[in-house]
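Given the structure is predicted, the values throughout are model-derived calculations rather than measurements.
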Amino acid sequence: MAVGIFTLDALQRFPVPNLSTVTQLLTLELIVIWTFIAASYLASWVSGTLNRHTRDPVNRFAIGTWVAGTSVLGEAVLLAVPAWHLLAWALGLFTAALWLWFLVLAITGFWEIAGDSTREHAKGRILLATVSTQSVVIVAVALFPGQVPAWSAAGVIALGSLFYLIGTGLIAARYLGQRGWRLADDWDNTNCILHGAVSITGLAMVASAVLGAGWIIATWLWAASMFVVVESVELARARRRVKAYGWKRGLLSYHVSQWARNFTFGMLYAFTLHLHLSMPG
């Protein structure tokens, strides 16, 4: 997903020689990665172990990355190799089907987390419900420009926004209600999706053009504000981790959940870029 966002937006603004060729190569790489992930899920389904991905009420939200990643890949194919429009359409339809399945997982996940009085496990990844939902709007508008009914786009954007409110409320309830939590250890890397989910919501608004400029600008201001708040927390967290564990263990060690930062930073850039391009003059 992060590579796709880079390919679609940031890369296209760079003075890269043979830009179209580079875009095509990155898109082919994304197709290979997507095929590997798809084969992995298919193998889990055939072997009856798919519940490993869906059993935990929080971890099941990670499937939302595949929904959004498929959406991004469809857009990348359309940009890099327009002649492959049938593949792009197929990816768009698969995105919609996968999203409908994921909706059930997300809604039941929210319900189970809300039923836990401590909500100790609520973390930023539950906001992938918003990310995946808004990605459906973006790919639909890209594949079928001018043909997506305004009411349907607005409805899906509203649903994604509702998921954001629910998810943010659960995360806030966790940290406000949990005693003795430590910033160095208990703040999750995926909490940066608190601003990334707002950015992709704004990008869906710009792409679909179903809401006025006032709503879009207000969304950008909220995304930028959340970016400042969350990343300020991250700086404070980094300082505490270095103090507690030293530079190597505290800051210079990689955790797989850091992928979320690539996506969220890239999405704020994409939202800002498209907002700027959509403004008159």
As a test of understanding, state which of I126, T130, L128 forms a side chain to side chain contact (heavy atoms under 4.5 Å, CB included) with F163.
T130
Which one of T65, N189, N59, N191 satisfies the side-chain hydrogen bond (donor to acceptor under 3.5 Å, both in side chains) criterion with R125?
N59
Would you say the side-chain atoms of R60 pair up with the backbone N or O of H53, donor to acceptor, closer than 3.5 Å?
no
For R249 versus S253, what's the shortest heavy-atom pair and its separation?
O-OG, 3.1 Å
The criterion is side chain to side chain contact (heavy atoms under 4.5 Å, CB included); which residues satisfy it with T168, sequence neighbours excluded?
L127, Y164, L194
State which residues pass side chain to side chain contact (heavy atoms under 4.5 Å, CB included) with W101; sequence neighbours excluded, sorted by chain then number.
L50, T54, I63, L98, L105
Is it possible for you to say whether W187 and V242 belong to one hydrophobic cluster, with membership spreading through side-chain heavy-atom contacts below 4.5 Å?
no
State which residues pass side chain to side chain donor-acceptor pair (under 3.5 Å) with R241; sequence neighbours excluded, sorted by chain then number.
none
Is the shortest side-chain heavy-atom distance between R261 and E231 below 4.5 Å?
yes
Would W66 and I107 show up in the same hydrophobic cluster when neighbours are defined by side-chain heavy atoms closer than 4.5 Å?
yes
Ignoring hydrogens and angles, write down the donor-acceptor pairs under 3.5 Å from the side chains of residues 31-41, residues two or more places apart or on other chains.
{"from": "W34", "atom 1": "NE1", "to": "T70", "atom 2": "OG1", "distance (Å)": "2.8"}
{"from": "T35", "atom 1": "OG1", "to": "I31", "atom 2": "O", "distance (Å)": "2.7"}

Using atom types as modelled, flag every donor-acceptor pair under 3.5 Å from a side chain in residues 17-25 to any protein atom, sequence neighbours excluded.
{"from": "T23", "atom 1": "OG1", "to": "Q12", "atom 2": "NE2", "distance (Å)": "3.1"}
{"from": "T23", "atom 1": "OG1", "to": "L19", "atom 2": "O", "distance (Å)": "2.9"}
{"from": "Q24", "atom 1": "NE2", "to": "A80", "atom 2": "O", "distance (Å)": "3.3"}

For a ring pair (Phe, Tyr, Trp, His ring centres under 6.0 Å) with F227, tell me which candidate from W222, W220, F265 qualifies.
F265
On a heavy-atom basis, which atom in L221 and which in S225 lie closest, and how many Å separate them?
O-OG, 2.7 Å
If you compare all heavy atoms of R174 against all heavy atoms of D186, which two are closest, and at what distance to 0.1 Å?
NH2-O, 3.4 Å
Going by side chain to side chain contact (heavy atoms under 4.5 Å, CB included), name the residues that satisfy it together with A90, two or more places apart in sequence or in a different chain.
none
Taking the side chain as C-beta and beyond, is there a heavy-atom pair between L103 and L159 under 4.5 Å?
yes
Could you see if L87 belongs to whatever hydrophobic cluster contains L28? Use Ile, Leu, Val, Met, Phe, Trp, Tyr and a side-chain cutoff under 4.5 Å.
yes
Supply the members, apart from L277, of the Ile/Leu/Val/Met/Phe/Trp/Tyr cluster built from side-chain contacts under 4.5 Å; use none for a lone residue.
Y269, L273
Of all pairs that satisfy side chain to side chain donor-acceptor pair (under 3.5 Å), the ones with a partner from residues 200-213, not counting sequence neighbours:
Q134-T201
pair I200-F271: side-chain heavy atoms closer than 4.5 Å
no
Transitive ILVMFWY cluster of L235, excluding itself - 4.5 Å side-chain cut-off:
none
For residues L165 and S161, determine if any side-chain heavy atom of one lies less than 4.5 Å from a side-chain heavy atom of the other.
no
Please name all residues satisfying side chain to side chain donor-acceptor pair (under 3.5 Å) with S232, sequence neighbours left out, ordered by chain then number.
none
What heavy-atom pair brings I113 and V58 nearest, and what distance separates the two atoms?
CD1-CG2, 3.7 Å
Taking every heavy atom of F102 against every heavy atom of A129, the minimum-distance pair comes out as CE2-CA, 3.8 Å
Check side chain to side chain donor-acceptor pair (under 3.5 Å) between D56 and all other residues, then give those that pass, not counting sequence neighbours.
none
Could you tell me whether W181 atom CH2 has more than 12 heavy atoms of other residues or ligands within 6.0 Å of it?
yes
With R240, which residues qualify under side chain to side chain contact (heavy atoms under 4.5 Å, CB included), at least two apart?
L183, A184
Flag, side chain of S199 to backbone of H195, donor-acceptor distance under 3.5 Å:
yes
Taking every non-hydrogen atom, the tightest pair across G48 and N51
O-OD1, 4.0 Å
